[in-house]
Amino acid sequence: MLILRSAALFVVAALFEIGGAWLVWQGVREHRGWLWAVGGVLALGAYGFVATFQPDAHFGRILAAYGGIFVAGSLLWGVVADGYRPDRWDVTGALICLAGMAVIMWAPRGGG
């Protein structure tokens with residue numbers, strides 16, 4: 001149950017993190033306006049807030065694991081939102097990042 005909760009939090013946080021970065025990108029680089037960028041900044045703040053609900057209390061571990069989610073999620077976001085087509089190395093790298101996230105977050109650890 002703890003892993004399911006943690007995984008769900010990763011999904012929600014990834015939506016805020018990647019979505020926020022995408023909104024800033026759209027607002028500034030694609031000239032859609034500052035409201036898009038401000039919405040992105042707010043979403044990025046929400047990402048930080050959601051991250052605090054992870055059951056593990058180690059900031060470095062949580063942020064490192066979110067890095068793996070960010071890599072894989074960003075590729076997926078690009079596919080859905082921008083028509084990006086990842087090649088086999090993009091997909092391989094994303095899978096490696098997800099495996100690293102799983103080891104960082106959910107590998108059994110000793111008590112000491």
Looking only at heavy atoms, what is the nearest atom pair of [X] and [Y], with distance?
X    : Y    : result
A65  : M101 : O-CG, 3.3 Å
V71  : C97  : CG1-SG, 3.6 Å
A43  : G20  : CB-CA, 3.6 Å
W77  : G19  : CH2-CA, 3.4 Å
M105 : F10  : CG-CZ, 3.5 Å
W106 : S6   : NE1-OG, 3.2 Å

**OP:** Answer yes or no: are there more than 12 heavy-atom neighbours, outside F59 itself, under 6.0 Å from its atom CZ?
**Re:**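 No.
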
Original post:
If you count the non-hydrogen atoms of other residues, nucleotides and ligands that lie under 6.0 Å from CH2 in W25, is the total more than 12?
Top reply: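 It does not: W25 CH2 has 12 such atoms or fewer within range.
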
Would you compute the distance between atom [atom1] of [X] and atom [atom2] of [Y] and round it to the nearest 0.5 angstrom?
X    : Y   : atom1 : atom2 : value
R109 : R61 : CZ    : CZ    : 3.5 Å
D90  : S74 : CG    : OG    : 11.5 Å
L2   : Q54 : CG    : CD    : 9.0 Å
L75  : I18 : CG    : CD1   : 9.0 Å

In this structure, would [X] and [Y] fall into the same cluster of hydrophobic residues linked by side-chain contacts under 4.5 Å?
X   : Y    : result
L98 : I104 : no
F70 : L15  : yes
F53 : I69  : yes
Y47 : L9   : yes
Y66 : I3   : yes

Subject >> Side chain to side chain, V24 and V38, heavy atoms closer than 4.5 Å >> reply: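 V24 vs V38: side chains apart.
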
Original post:
Is there a side-chain contact between V28 and W36, using heavy atoms and a 4.5 Å cut-off?
Top reply: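 In short, these two side chains do not touch, never coming nearer than 4.5 Å.
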
Original post:
Does Y84 offer a backbone N or O that forms a donor-acceptor pair with the side chain of D82 under 3.5 Å?
Top reply: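 Checked: no pair found.
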
Original post:
Using the benzene-type ring in the case of Trp, are the ring centres of F49 and F16 under 6.0 Å apart?
Top reply: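 No, the ring centres sit 6.0 Å or more apart.
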
